[in-house]
Asker: 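First the structure, then my questions, so here it is.
Letters A, B, ... are given to chains in the order of the sequence lines, protein chains preceding strands, and every chain is numbered from 1.
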2 protein chains.
Amino acid sequence: MNDGVAAAQDPRDPLLLDRQVCFPLYAATNLLSRLYGPVLRELGLTYPQYLVMLVLWEKEPQTVGSLGARLYLDSGTLTPLLKRMEAAGLVRRTRDPEDERRVVIELTESGKILRNQAVYVPETLARGRKSEGIDELRDSVRRLVELLAEQTGSKR
Amino acid sequence: MNDGVAAAQDPRDPLLLDRQVCFPLYAATNLLSRLYGPVLRELGLTYPQYLVMLVLWEKEPQTVGSLGARLYLDSGTLTPLLKRMEAAGLVRRTRDPEDERRVVIELTESGKILRNQAVYVPETLARGRKSEGIDELRDSVRRLVELLAEQTGSKR
DNA sequence: AAATTATATATTGCGCACAATATAATTGGA
DNA sequence: TCCAATTATATTGTGCGCAATATATAATTT
């Protein structure tokens, strides 16, 4: 019986892929990153680097820690990423003289100027796509993020 | 003027991090993967490997291509991942004699048995968390995924 | 002030993701 | 039948993302 099929297809089976919340989030993130990729490449940015730039364009300077708190990332991810951005001439990394443990990240002139090209990224990606209900979706996911962040004690 | 601040804080600024849809998705995916990590490690699985197992537990055998179509991943990601799962004794990889281009993935006995432990994963992760509105969120993100998948012509 | 503890970032090692490319098998004409 | 185009997977190289650990500085305690 049930030849070649590993499991029953009870729609209440907790392991059905289509019942998981995590999977569509995972798939959407991958698809979005794939969509952003070619557009951002023209600016010399990867997708996570673009997020770092968004934070810095809002407020500058920042420490590695404050960037990580905003993006839910830790130094294991940010340190090498920021070094690549420094090598690309987008940011400067300097030890804070007030507290030598901290590393201060600030934009270089070309990092600031890049913003002028970046302003067209959102509309380039939105073009031709219906944005119906997109704000509600964003806010729902944001509530989930805050829930997850507080529960994982995420001060990464 | 505007000393040390890179950009104005106009709430309609298209580059504000909090206006992006992509960022909460990105953050939620990272936080969730971090949450799943320790639980799945007891089963000897990573998070993407868990997703592959969910697909195989539903239907087996599958080809690399059919797994990729379901998970929106391509062979560049799946081939090394499946080789690690083969090395861990969870799956078998064999060329399809009908079409030697295809690689057929099927569960080993221990791959099938692992399901008995995996059934507790969803409830372990849900425990103590309020699941209010979670189904609607999942369906919203799923609609977004389908939109993105068709538009990126994603037959990866 | 010395010892302890806490904090901030860096390093290491591993496993994804993905673009670009390569290889091999199959299909579909001319 | 040959051959060009298509399809399926593999390979290579780069950049995350993260756990675990290391290092150095600062704050706190004694």
Asker: Fit a plane to each ring of A:Tyr26 and B:Tyr47, take the angle between them on a 0 to 90° scale, and name the class: parallel (under 30°), tilted (30 to 60°) or perpendicular (over 60°).
Answerer: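 Aromatic pair A:Tyr26/B:Tyr47 classed perpendicular.
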
Asker: Is there a donor-acceptor pair under 3.5 Å between the side chain of A:Thr108 and the backbone N or O of A:Leu90?
Answerer: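 Checked: pair present.
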
Asker: Distance criterion of 3.5 Å, no angle test: do you see the side chain of B:Arg101 paired donor-to-acceptor with the base of D:dT7?
Answerer: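 For B:Arg101, whose side chain was compared with the base of D:dT7, there is a donor-acceptor pair (under 3.5 Å).
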
Asker: Heavy atoms from C-beta onward define the side chain here; which of D:dG15, C:dA25, C:dT7 lies closest to that of A:Arg84?
Answerer: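 Given the options D:dG15, C:dA25, C:dT7, the side chain of A:Arg84 is closest to D:dG15.
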
Asker: CG of B:Leu35 versus C1' of D:dA19: gap in Å, rounded?
Answerer: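 For the pair B:Leu35 CG and D:dA19 C1', the rounded distance is 15 Å.
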
Asker: Check the distance between C:dA25's C1' and B:Arg102's CZ and give it to me in whole angstrom.
Answerer: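 My rounded result for the distance is 11 Å.
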
Asker: State which of C:dA17, C:dA25, C:dC16 makes the closest approach to the side chain of B:Gln49.
Answerer: C:dC16

Asker: Calculate the interatomic distance between B:Leu73 atom CG and C:dC16 atom C1'; express it in whole Å.
Answerer: 9 Å

Asker: Answer yes or no: does a side-chain N or O of A:Lys83 lie under 4.0 Å from OP1 or OP2 of C:dT11?
Answerer: yes

Asker: For C:dC16, does either OP1 or OP2 sit under 4.0 Å from a side-chain N or O belonging to B:Thr46?
Answerer: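 For B:Thr46, the contact criterion (side-chain N or O under 4.0 Å from OP1 or OP2 of C:dC16) is met.
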
Asker: For D:dA10, does OP1 or OP2 lie under 4.0 Å from any side-chain N or O of B:Thr79?
Answerer: yes

Asker: So A:Ser33, base contact, sugar-phosphate only, or nothing? Heavy-atom distance under 4.0 Å.
Answerer: nothing

Asker: Report yes if a donor N or O on one partner sits less than 3.5 Å from an acceptor N or O on the other, where the partners are the side chain of A:Ser75 and the base of C:dA10; otherwise report no.
Answerer: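 It does, because a donor-acceptor pair links the side chain of A:Ser75 to the base of C:dA10 below 3.5 Å.
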
Asker: Looking at the side chain of A:Arg41, which of C:dA19, D:dT9, C:dA17 is the nearest nucleotide?
Answerer: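 Looking only at heavy atoms from C-beta outward on A:Arg41, the closest nucleotide is C:dA19.
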
